[in-house]
Peer 1: 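My questions will all concern the structure given below.
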Amino acid sequence: QVQLIESGGGLVQAGGSLRLSCAASGRTFSSGAMGWFRQAPGKEREFVAAISRSGGRTSYADSVKGRFTISRDNAKNTVYLQMNSLKPEDTAVYYCAATTHYGSSVYGYDYWGQGTRVTVSS
């Protein structure tokens with residue numbers, strides 16, 4: 001079992017920045033890939049970013065590429081999502097997830113956090 005707890009969400013103006021954190025406990029954190037997803041009201045949950053177990057491989061949704069950066073600190077059992085140049089369309093609940101298989105599909109992730117809300121005002 002893996003427990004994931006997100007933090008760092010909040011209200012920010014367009015153009016601003018936020019850093020989300022996801023603290024993991026339970027199964028060895030460094031044994032799996034991690035991802036960030038988001039879900040806006042009335043929409044399906046969508047992929048944002050993923051990072052491999054070593055941190056050497058990352059991938060991003062086209063909508064956030066160049067603005068968001070995913071990273072991880074295996075010594076602290078924590079994965080981060082640095083979000084810059086935020087836009088109103090980034091408003092969503094952001095979820096951290098863990099998987100043994102690196103990828104971008106929501107169905108490929110085994111464990112999920114409770115989510116942290118990000119609101120970007122125009």
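Bear in mind that the values here come from a model prediction, so they are computed numbers and not experimental data. Just the heavy atoms: all of them, side chains too, but no hydrogens, waters or symmetry mates, feed the values below.
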Peer 1: What disulfide bond (SG atoms under 2.5 Å apart) pairs are there with at least one residue in residues 52-88, not counting sequence neighbours?
Peer 2: none
Peer 1: Can you check whether Ile70 reaches Gln82 side chain to side chain, under 4.5 Å on heavy atoms?
Peer 2: no
Peer 1: Taking only residues two or more places apart in sequence, or in another chain, which ones meet Ser25 in a side chain to side chain donor-acceptor pair (under 3.5 Å)?
Peer 2: Gln3
Peer 1: So which atom in Ala50 and which in Gly103 form the shortest heavy-atom distance, rounded to 0.1 Å?
Peer 2: CB-O, 3.7 Å
Peer 1: Show me the pairs that pass disulfide bond (SG atoms under 2.5 Å apart) and involve residues 43-82, at least two apart or across chains.
Peer 2: none
Peer 1: Quick test of your reading: applying disulfide bond (SG atoms under 2.5 Å apart), list the pairs with at least one residue in residues 42-78, sequence neighbours left out, ordered by first then second residue.
Peer 2: none
Peer 1: Using the ring pair (Phe, Tyr, Trp, His ring centres under 6.0 Å) criterion, which residues pair with Phe47? Sequence neighbours excluded.
Peer 2: Phe37
Peer 1: So which heavy atom on Glu6 is nearest to which on Gly115, and how close?
Peer 2: OE1-N, 2.9 Å
Peer 1: Identify whether NZ of Lys or CZ of Arg in Arg117 sits under 6.0 Å from the centre of the six-membered ring of Tyr94 and within 45° of that ring's axis.
Peer 2: no
Peer 1: What's the separation between atom CZ in Arg53 and atom CZ in Arg72, rounded to the nearest 0.5 Å?
Peer 2: 9.0 Å
Peer 1: At what distance, to the nearest 0.5 angstrom, does OH of Tyr60 lie from CZ of Phe68?
Peer 2: 10.5 Å
Peer 1: Are the side chains of Thr116 and Val93 in touch, meaning some heavy atoms are under 4.5 Å apart?
Peer 2: no
Peer 1: Determine whether a donor-acceptor pair (N or O, by modelled atom type, separation under 3.5 Å) exists between the side chain of Thr78 and the backbone of Lys76.
Peer 2: yes
Peer 1: Which residues pass the side-chain contact (heavy atoms from CB on, under 4.5 Å) test with Ser71, sequence neighbours left out?
Peer 2: Tyr80
Peer 1: Test of understanding: clusters of I, L, V, M, F, W, Y form through side-chain heavy atoms closer than 4.5 Å, transitively. Do Tyr95 and Tyr109 belong to the same one?
Peer 2: yes
Peer 1: Got a sec, which pairs hit side-chain hydrogen bond (donor to acceptor under 3.5 Å, both in side chains) with one end in residues 97-107, sequence neighbours left out?
Peer 2: Ser59-Tyr102
Peer 1: Going only through I, L, V, M, F, W and Y residues with side-chain contacts under 4.5 Å, is there a path from Met83 to Val79?
Peer 2: yes
Peer 1: Taking side chain as C-beta onward, heavy atoms only, is Val48 less than 4.5 Å from Leu81?
Peer 2: yes
Peer 1: Any chain of hydrophobic side-chain contacts (each under 4.5 Å) joining Trp112 to Leu4?
Peer 2: no
Peer 1: What closest approach, in Å, do Ala92 and Ala40 show between heavy atoms, and which atom pair accounts for it?
Peer 2: CB-N, 3.8 Å
Peer 1: Taking disulfide bond (SG atoms under 2.5 Å apart) as the cut-off, I'd like each qualifying pair that reaches into residues 77-122, sequence neighbours left out, listed once.
Peer 2: Cys22-Cys96
Peer 1: For residues 34-43, which residue pairs qualify under salt bridge (charged side-chain N to carboxylate O under 4.0 Å, His left out), counting only residues two or more places apart or in two chains?
Peer 2: Arg38-Glu46, Arg38-Asp90
Peer 1: Show every donor-acceptor pair shorter than 3.5 Å between a side-chain atom in residues 11-21 and any protein atom, with sequence neighbours excluded, or say none if there are none.
Peer 2:
| unit_1 | atom_1 | unit_2 | atom_2 | d |
| --- | --- | --- | --- | --- |
| Ser17 | OG | Asn84 | OD1 | 2.9 |

